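Have a look at the structure below before the remarks.
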Amino acid sequence: MTESYPLRTFIGHAVLILGILIVAFPIYYTFVASTHSLQTILRPPLPLLPGDRFVENYSEALFGGVGRIGGVSVGTLLFNTTVMALGIALGKICISILSAYAIVFFRFPLRMTFFWLIFITLMLPVEVRILPTYKVMVDFGLIDTYAGLIIPIIASATATLLFRQFFLTIPGELVEAARVDGAGPFRFFKDILLPLSKTNIAALFVILFIYGWTQYLWPLLVTNRNDMNTIVIALRKMISFADADTEWHLVMVTCMLAIVPPILVVVLMQRWFVRGLVDTEK
Amino acid sequence: MATVDLKDVKKIYAGGVEAVKGVSIAIPDKALCVLVGPSGCGKSTLLRMIAGLESISAGTVSIDGKVVNAIGPTERDIAMVFQNYALYPHMKVYDNMAYGLRNRGTPKDEIDKRVRETAKTLELSALLDRRPRELSGGQRQRVAMGRAIVRNPKVFLFDEPLSNLDAKLRGQMRVEIKNLQRALGVTSVYVTHDQLEAMTLADQLVVMNAGLVEQIGDPLDIYEKPASTFVASFIGAPPMNLLALTRGGAGRMPAGSPEEMAAVGHGSAAGSTALASAAPMLTDGSVVPFAPQAAATLGFRPEDADVTHGAEAPGGALAIPAAVEAVEPVGAESFLYCAAAGTRIIVRVHGRATARPGDQLRVVVRAEKLHWFDQAGKRVG
Ligand SMILES: Nc1ncnc2c1ncn2[C@@H]1O[C@H](COP(=O)(O)OP(=O)(O)OP(=O)(O)O)[C@@H](O)[C@H]1O
Ligand SMILES: [Mg+2]
């Protein structure tokens, strides 16, 4: 595809640009709204160009606090959400890589039973077991804690299955070579399995971080205090039924801020992420 | 530095497959023992049992006089070279070689010294900073060898280490392995299904078939005196010619035509009627002299046979009428593919062959070059 076909190139670019515009316009419009005063937003039509209140709006949201959620600043919300998303992503990776390691490389009684049990939990998402889970969290006193936000969704059948599939592709000879070289189970995991899995881990981390970041139902249930809210929940709380009660400029700022960390993660991990999805180093 | 003793070793896999059915081999110190046999005969299984990678269903494996059945691969102090090399893909060549030493807690400077020394022997010094995927097949093979050598183990185990290389490189590496093994003096077990590799490398050759040992010995002894029809056809390329013998039937007696008289072997002097009807015959009905009582199969090596167009046959030789089907010149020698006694036989002649496809001639083999096998395929005499 290195030859030049002007028409083809033009059409290709046109389609791509159109697609980007369709996806990007709402985001741009949100950004525009986040730089105007509440009065401007409430008085249609909303201008198509950014306003002059960028600094005021963003510093008010980040450091001042938002009235409708008890004066908690968006900075706190970002911190909460980051802790939860990181906890979920890292926790899921740790647990699933260890269970996959056990299932693939060790022979123990009921191995396949455990495998199928994990598999079956794929069909039981949080929503299905939400009441008993909530009860357990209440009994442990984990409401309004980071642990309460993270632990119930930390097990991942999907990630376990992905790691299992990857481990199955590791040649048996490699495992045996390590055994002959005197690597015990722990060393094998640390020196060989982990380095070989790093692209998979990176790809999974991106996916799971975004999954954690956008959690809605569980954080809604398990946090009551405003200062323990995640950004998604807080956004929902900021919006009142009456337009006049809603600080739309701050809502728009929060929206913009809410999409920054996932974008950062994707951009920073992009190199690894793409490699993990495309090829495996074997 | 160590002997390896297998006593009646058996392997029954979980699925019920009996891969090794009772094998006893005593490998002397510093020897290179080659296990050879067709695919699926249990060579790898046996090797992996010596390595400790596979449990032993029955019998004992001893290394250096000590039974190691219950010990893991690490404590057996063996090193193994795998067919696909099994290098650690994410480690540099240096670390690939150092890994085993590190796991054993060897001091850093000692590791460094040994890795560099080994790399020098194997001409890997310039490659120490590369990763396996940046190496050619032959270089990977060397690294795999280096990883084994650097540990200075009691026993080397090789599972078809050269089968992924091209023919030329294989030849080079074969010589190199042999020299290294001799220089290091480490007892080695080498699995291959390539009989040429087996013949050239082995101090002790073990021919296996279907989970059992067919024959153990010096490679040339095995070549000269194969213990069974299986060994006879497996060792040597092209394989030994084997012709079935029948007895007792109303054989078509040589009726005086010079060709058939000659086939009898003693020339026309032997009175045709004097031949006993119980004499062994080839399937085409020609009588075979010199056959021992129990013989059911007759064999001879392609290079032990000669062809003659004339009617006269030398004394003390067997002459089998044959029709040339194809001629294969390979340069220094030529192979004649002939139809005889209902089967195909191969004759090796020096230089250019004079015979042409379609020629009728006789394949002549001197009596002492004939091998005889009984009904069960075991060697007679
Ligand atoms: N893990 C296993 N479970 C069950 N049967 C097995 C297993 N590994 C090997 N076998 C069987 O054991 C027999 C011997 O296998 P083995 O790998 O030792 O053969 P081999 O002589 O090394 O052959 P090749 O030259 O093809 O490598 C085969 O019939 C094979 O199917
Ligand atoms: Mg094998």
Side-chain angles (χ1 to χ4, degrees), chain A residues 93 97 100-101 103-113 115 163 165-205 271-282, chain B residues 14 44 47-55 71-92 95-106 111 131-134 140 143-151 153-161 164:
Chain A
I93 286 173
I97 201 170
Y101 179 48
I103 283 175
V104 174
F105 292 103
F106 294 86
R107 302 282 163 270
F108 52 90
L110 299 184
R111 190 172 65 98
M112 284 321 275
T113 315
F115 172 70
F163 277 122
Q165 288 321 107
F166 171 65
F167 289 170
L168 287 178
T169 67
I170 288 180
E173 283 192 349
L174 200 62
V175 184
E176 290 172 349
R179 278 180 74 193
V180 171
D181 260 347
F186 181 72
R187 280 225 176 97
F188 174 69
F189 182 74
K190 177 172 77 72
D191 293 340
I192 294 176
L193 218 46
L194 267 188
L196 286 180
S197 312
K198 64 186 176 197
T199 53
N200 289 50
I201 292 176
L204 213 54
F205 176 80
R271 203 169 66 92
W272 288 108
F273 180 58
V274 173
R275 248 171 83 188
L277 290 183
V278 175
D279 69 356
T280 44
E281 189 182 336
K282 246 184 279 108
Chain B
S44 296
L47 192 76
R48 293 161 50 77
M49 283 194 281
I50 302 175
L53 295 169
E54 210 70 76
S55 66
I71 326 183
T74 313
E75 292 78 37
R76 287 190 193 190
D77 199 10
I78 48 105
M80 189 153 170
V81 177
F82 294 87
Q83 182 170 3
N84 295 313
Y85 316 141
L87 301 178
Y88 310 119
H90 57 293
M91 290 188 197
K92 297 190 169 147
D95 299 309
N96 260 289
M97 298 196 346
Y99 189 60
L101 292 172
R102 281 188 197 137
N103 286 337
R104 282 173 171 73
T106 318
I111 294 181
R131 277 168 220 281
R133 67 164 166 217
E134 298 158 353
R140 284 179 211 186
V143 177
M145 295 272 303
R147 188 169 65 178
I149 292 172
V150 80
R151 289 231 329 266
K154 281 188 191 152
V155 182
F156 285 143
L157 303 172
F158 301 87
D159 194 352
E160 309 202 18
N164 285 339

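Chain identifiers are assigned alphabetically (A, B, ...) following the order of the sequence lines, protein sequences preceding nucleic acid strands; residue numbering begins at 1 within each chain. The structure presented is a predicted model; accordingly, all values stated were derived computationally and were not measured.
- Atom CZ of A:F108 sits in a crowded spot, with more than 12 heavy atoms from other residues, nucleotides or ligands closer than 6.0 Å.
- Contact of B:Q83 with chain A is made through backbone and side chain together, with heavy-atom distances under 4.5 Å.
- For B:L87, the part lying under 4.5 angstrom from a heavy atom of chain A is the backbone only.
- Taking the six-membered ring for Trp and thresholds of 30 and 60 degrees, A:Y101 and A:F106 have ring planes more than 60 degrees apart, a perpendicular arrangement.
- Using bins of under 30°, 30° to 60° and over 60° for the plane-to-plane angle, the ring pair A:F167/A:F105 lands in the tilted bin.
- In this structure, B:R147 forms no cation-pi arrangement with B:F82, as its terminal cationic atom is not both closer than 6.0 Å to the ring centre and no more than 45° off the ring axis.
- Only the side chain of B:R48 comes within less than 4.5 Å of a heavy atom in chain A; its backbone stays farther off.
- Across B:G100, B:A144, B:A148, B:P132, the residue that shares the most heavy-atom pairs under 4.5 angstrom with chain A is B:G100.
- Taking chain A as the reference chain and counting heavy-atom pairs below 4.5 Å, the highest number among B:E75, B:M80, B:R151 is found for B:R151.
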Let me see the working for B:D95 and B:R102 under salt bridge (charged side-chain N to carboxylate O under 4.0 Å, His left out), right down to the final yes or no.
CA-CA 9 Å; B:D95 299 309; B:R102 281 188 197 137; 3.0 Å; yes
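- Counting heavy-atom pairs closer than 4.5 Å to chain A, the top-ranked of the candidates B:A86, B:A51, B:A79 is B:A86.
- To the nearest 0.5 Å, atoms CD1 (A:I93) and CD1 (A:I201) are separated by 6.5 Å.
- Counting heavy-atom pairs closer than 4.5 Å to chain B, the top residue among A:I192, A:D181, A:L174 is A:D181.
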